[in-house]
Amino acid sequence: MSESPERGLRLVPGGADAPAAPRSVRQRAATRRRIPKRRDTLTHVLSHLDEEPEVLSPVVAEPKSTVDETDVALDEDDAGKRPRRRTAPHRRGPARSVRRREPKPRSRLARPSLTTALLALLVCAAVAAAAVLGNRWYDARTLDRAHQQALAAAKQTTVDFVSVSAASVDRDLQRIVAGATGDFRDEFTRGQAQVRAAVVENNVDSKGTVLRAALVSGDRDAAVVLVAIDATVRNSKSPEGRASHYRIQVDMARDRDSGRWQVAKLQFVG
């Protein structure tokens, strides 16, 4: 038995044309284990020369999506409709303690209750009533004070009018003029000289006192007063004196500048 120049081939007796003896399955398996399969490198390269070279395309990294959890995406089935908000997938991880921020209380006025509203209404009504009553009380007090002042001025003026003496005639007549106003002042001023001459000629000495006085009507600026006066009159014919009784009605007017009450009209009524 001889070995062929080619590696891996055996010659069997009888020549190249002699048929090879059949081998069992074990022999074939043992042969495959002993002789490793070798591939002719040159033959392999020549067999692939007619193939087109494979062009390796560069691997393009897929861009990372920058869509945040708050970005808006369109669904494939909802094209043309309103976009819906895509939420990020839930990530599992270690539980963290989240501190909940308490909402700040809003500074707004509390709505008043029905009881509070009723109390406020009652307070307003009470204040309004007190204001009205206070105004009425003030008006009544002011009017009463004006009536009292008019009554006192009427008493004094009528006493001055009937109390005249020849010894002090000029001072007495001037006092009457000072307490008069309006038509009565003008009328008395025109006849003042005649009154003075009659008092001096008859040596008149008269003194009067108020018996009664009453307010007939009046307001803050005007009043009508009725005065009853007794007087003792002495003159040349009656040096001992005689009693006289007068009922005099005077119209009083208040001077707005000085605030004094003066006689605007005087007349004897009995």
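Within the 4.5 Å cutoff, no side-chain heavy atoms of Asp170 are placed close to those of Gln174. Counting heavy atoms from C-beta on, the side chains of Val210 and Val159 come closer than 4.5 Å. Inter-residue side-chain proximity for Arg212 and Val227 is flagged as unmet; no heavy-atom pair is nearer than 4.5 Å. With a 4.5 Å cut-off on side-chain heavy atoms, Phe188 and Phe161 count as touching. In this structure, Asp221 and Arg256 have side chains that are in contact, with non-hydrogen atoms separated by less than 4.5 Å. The side-chain heavy atoms of Asp172 and Ser165, taken from C-beta on, include a pair separated by under 4.5 Å. Side chains of Val200 and Val169 form a contact here, defined as non-hydrogen atoms less than 4.5 Å apart.
Closest of all the heavy-atom pairs between Arg254 and Arg220 is CD-O, 3.4 Å. Closest heavy-atom contact between Ser163 and Gly208: OG-N, 3.1 Å. Closest of all the heavy-atom pairs between Ser206 and Val233 is OG-CG2, 3.7 Å. Across all non-hydrogen atoms, the minimal contact from Ala146 to Asp219 is CB-O, 4.1 Å. Residues Asn203 and Ala166 come closest through the heavy atom pair OD1-CB, 3.7 Å. Contact between Ala222 and Trp261 at its shortest, heavy atoms only, is N-CH2, 3.5 Å.
Val225 pairs with exactly one of Thr157, Val250, Ile248, Val216 by the side chain to side chain contact (heavy atoms under 4.5 Å, CB included) rule, that one being Val250.
Side chain to side chain, Ser244 and Arg242 meet the donor-acceptor criterion of an N or O pair below 3.5 Å.
With values rounded to the nearest 0.5 angstrom, Lys207 atom NZ is found 5.5 Å from Asp205 atom CG. The structure places CE of Met252 at 9.5 Å from CG of Leu266, a figure rounded to the nearest 0.5 Å. Here His147 contributes atom NE2 and Gln149 contributes atom CD; the two are 10.5 Å apart, rounded to the nearest 0.5 Å. The CZ atom of Arg185 lies 12.5 Å from the CD1 atom of Ile176; values are rounded to the nearest 0.5 Å. Atom CG of Asp251 and atom NZ of Lys265 lie 6.0 Å apart (nearest 0.5 Å). Interatomic distance, CG of Leu151 versus CG of Leu226, reported as 10.5 Å (0.5 Å rounding).
Within a 6.0 Å sphere centred on CD of Gln194, other residues, nucleotides and ligands contribute 12 heavy atoms or fewer. Crowding of Asp139 atom CG: a count of heavy atoms from other residues, nucleotides or ligands under 6.0 Å exceeding 12.
A single hydrophobic cluster is not seen to contain both Tyr138 and Leu133; linkage of ILVMFWY side chains at heavy-atom distances under 4.5 Å, directly or through other members, places them apart. Residues Leu211 and Tyr246 fall into different hydrophobic clusters, defined by Ile, Leu, Val, Met, Phe, Trp and Tyr side chains chained together at heavy-atom separations under 4.5 Å. Connection of Ile229 to Phe268 is established within a shared hydrophobic cluster, with ILVMFWY side chains joined at heavy-atom distances below 4.5 Å, either directly or through further cluster members.
Remark: the backbone N or O of Asn202 is paired with a side-chain donor or acceptor of Ser236 at under 3.5 angstrom.
A salt bridge links Arg175 and Asp160; the closest N-O separation between the charged side-chain nitrogens and carboxylate oxygens is under 4.0 Å.
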